[in-house]
Amino acid sequence: MTCLNRPTSLFHSSDHSLLVPPSAIISGFSQILHQSSVRSSAIRSIPQMSSAVPAPTVSTVTISYPELKDPTADISDQIERGFGPNGLGILSISEVPGYTLLRRNLLHLAPRLASLPEEVKQEIEDPHSRYNIGWSHGKEKLESGKLDMLKGSFYANPIHDVPTNELSLVKRYPSYCGPNIWPRAALPELEHAFKALGKLILEVGLLLAYHCDRYVSNGFKMHEDGSLQQVLLRSRCHKGRLLYYFPAHQWYFVFLFNYYDQAFLRAIISTSFSSSIYIIRPTEESDISFLTAN
């Protein structure tokens, strides 16, 4: 699985006005995380000085949902270890109520969706959005230039069926502003399952964003409207992607929080993972392909 590198724009939830790409919003977070790299530079240089010293191992940091939901809990250490320069850029959120059932309800629909008749799947394709809404199969190109026929994807906004009613924005940004397309006749249960899981993941992401903002505020003065949580709350451009890999018969669900510049945060779930939600902090070099391994 490769990262999605498609740019989009952000829209204010009240007037849909175009916002400036918010690199400054997370710059403070990045700077604070960078400061910790100075303290650990000696550790990172050890393997370079002697091949006899094993490289340090890094494991996924887990935060329980009760901790995450507690606004007074101090989870700054877990955030730094997970999202900091020496971490994997991943936080595992455990004990999320209802998650296991919602995950099963959606992921088990993936092979049924992929097995629908071709004429039915063509009805839920959207070439105007570059196949970033509805069904997509054989539309993406691999590095070799060949079309990727090994996986099928279904894209939808789990929060807003119609992100905006401004036709000019839909025309300019069809991949992100266009309305959802659901196979309501052929697979009616997909819409409910997709939205239910997507809303839960957004709730978890907003809770994590709150604690990220608290972490950043310890070292930087933040504008209330510019916090990560407020940006995610205002955004109407969240995107869910249900993937099905045909030869391996594996399926995944990727949720992009605020679909801009690879998204501020990314969540990924799979039938082969534990009962936790994995939230990823994307970077320019990020690659989550290893997460698809069994």
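Along the sequence shown, residues carry numbers from 1.
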Open item on the list: Check the orientation of Tyr244 and Phe246. Use parallel for under 30°, tilted for 30 to 60°, and perpendicular for over 60°.
Closed with: perpendicular
- [ ] Determine whether the side chains of Tyr65 and Glu203 contain a donor N or O and an acceptor N or O closer than 3.5 Å.
- [x] yes
Open item on the list: Using a 3.5 Å distance criterion without hydrogens, assess whether the side chain of Arg236 forms a donor-acceptor pair with backbone atoms of Pro163.
Closed with: yes
TODO: Any chance you could measure Leu208, atom CG, to Lys69, atom NZ, to the nearest 0.5 Å?
DONE: 15.0 Å
TODO: State, to 0.1 Å, how close Ala267 and Ile201 come at their nearest heavy-atom pair, and which atoms those are.
DONE: CB-CG2, 3.5 Å
- [ ] Could you point out which residue of Asp148, Leu150, Leu147 forms a side chain to side chain contact (heavy atoms under 4.5 Å, CB included) with Leu142?
- [x] Asp148
Task: ILVMFWY cluster, Ile133 and Val162 together (side-chain gap under 4.5 Å) - done: no
Task: Worked verdict on Arg112 versus Leu187 for side-chain contact (heavy atoms from CB on, under 4.5 Å) - done: CA-CA 8 Å; Arg112 291 178 57 188; Leu187 194 62; 3.4 Å; yes
Open item on the list: Using only atom types and a distance under 3.5 Å, with no angle test, would you say the side chain of Arg172 pairs donor to acceptor with the backbone of Leu167?
Closed with: no
TODO: Measure the CG-OG distance between Asn157 and Ser235 for me, rounded to the nearest 0.5 Å.
DONE: 8.0 Å
TODO: Indicate yes or no: at least one non-hydrogen side-chain atom of Thr60 is less than 4.5 angstrom from one of Arg81.
DONE: no
Open item on the list: Please determine whether side-chain contact (heavy atoms from CB on, under 4.5 Å) holds for the pair Leu197 and Tyr99, giving the CA-CA distance in whole Å, both sets of side-chain angles, and the decisive distance to 0.1 Å.
Closed with: CA-CA 7 Å; Leu197 181 59; Tyr99 164 67; 4.1 Å; yes
Task: His137 versus Lys151, closest heavy-atom pair with distance - done: CD2-O, 3.1 Å
TODO: Specify the closest pair of heavy atoms between Ser129 and Ser175, including all atoms of both residues, with the distance to one decimal.
DONE: O-OG, 2.8 Å
Task: Minimum side-chain heavy-atom gap Pro66-Glu95 below 4.5 Å - done: yes
Task: Test item: side-chain donor near acceptor, Tyr131 and Glu125, under 3.5 Å - done: no
- [ ] Run the numbers on Leu242 and Leu190 for side-chain contact (heavy atoms from CB on, under 4.5 Å), then give the verdict.
- [x] CA-CA 10 Å; Leu242 180 63; Leu190 177 65; 4.1 Å; yes
- [ ] Decide, yes or no, whether a salt bridge links Lys195 with Glu189 under the criterion of side-chain N to carboxylate O below 4.0 Å.
- [x] no
- [ ] Over all heavy atoms of both residues, which pair between Val170 and Gly178 is shortest? Give the atoms and the distance, please.
- [x] CG1-CA, 4.2 Å
Open item on the list: Any non-hydrogen side-chain atom of Cys212 less than 4.5 Å from a side-chain atom of Phe83?
Closed with: yes
- [ ] State the CD-CD1 distance between Glu191 and Ile181, to the nearest 0.5 angstrom.
- [x] 12.0 Å
- [ ] Measure from the side-chain N and O atoms of Lys239 to the backbone N and O of Asn132, and report whether any donor-acceptor pair falls under 3.5 Å.
- [x] yes
TODO: Might you work through the side-chain contact (heavy atoms from CB on, under 4.5 Å) test for Ser153 and Glu140, ending with a clear yes or no?
DONE: CA-CA 10 Å; Ser153 301; Glu140 298 181 55; 4.3 Å; yes
TODO: To the nearest 0.5 angstrom, please state how far the CG atom of Leu207 sits from the CD atom of Gln229.
DONE: 7.5 Å
Open item on the list: Minimum heavy-atom separation for Leu233 and Leu206, please, with both atom names.
Closed with: CD2-CD1, 3.6 Å
Task: In one Ile/Leu/Val/Met/Phe/Trp/Tyr side-chain cluster, 4.5 Å: Leu68, Tyr210 - done: no
TODO: State, without any angle test, whether Glu67 and Ser64 hold a side-chain donor-acceptor pair at a distance under 3.5 Å.
DONE: yes
Open item on the list: Less than 4.5 Å apart, side chain to side chain, heavy atoms only: is that true for Ser136 and Lys139?
Closed with: yes
Open item on the list: Counting the benzene-type ring for Trp, do Phe194 and Phe154 have ring centres under 6.0 Å apart?
Closed with: yes
Open item on the list: Could you measure the distance from the CG atom of Leu232 to the NE2 atom of His238? Nearest 0.5 Å is fine.
Closed with: 6.0 Å
Open item on the list: Are the side chains of Ile93 and Tyr278 in contact, using a 4.5 Å heavy-atom criterion?
Closed with: no
Task: Straight-line distance of Asn105 CG to Leu109 CG, nearest 0.5 Å - done: 7.5 Å
Open item on the list: Looking only at side-chain N and O atoms, does Asp161 offer a donor or acceptor that is under 3.5 Å from a partner on Trp182?
Closed with: yes
Open item on the list: Using the salt bridge (Lys or Arg N to Asp or Glu O under 4.0 Å) criterion, which residues pair with Lys121? Sequence neighbours excluded.
Closed with: Glu118
Task: Residue of the set Val216, Ile79, Leu91 for which side chain to side chain contact (heavy atoms under 4.5 Å, CB included) holds with His211 - done: Ile79
Task: Heavy-atom pair of closest approach, residues Cys177 and Thr164 - done: CB-CG2, 3.6 Å
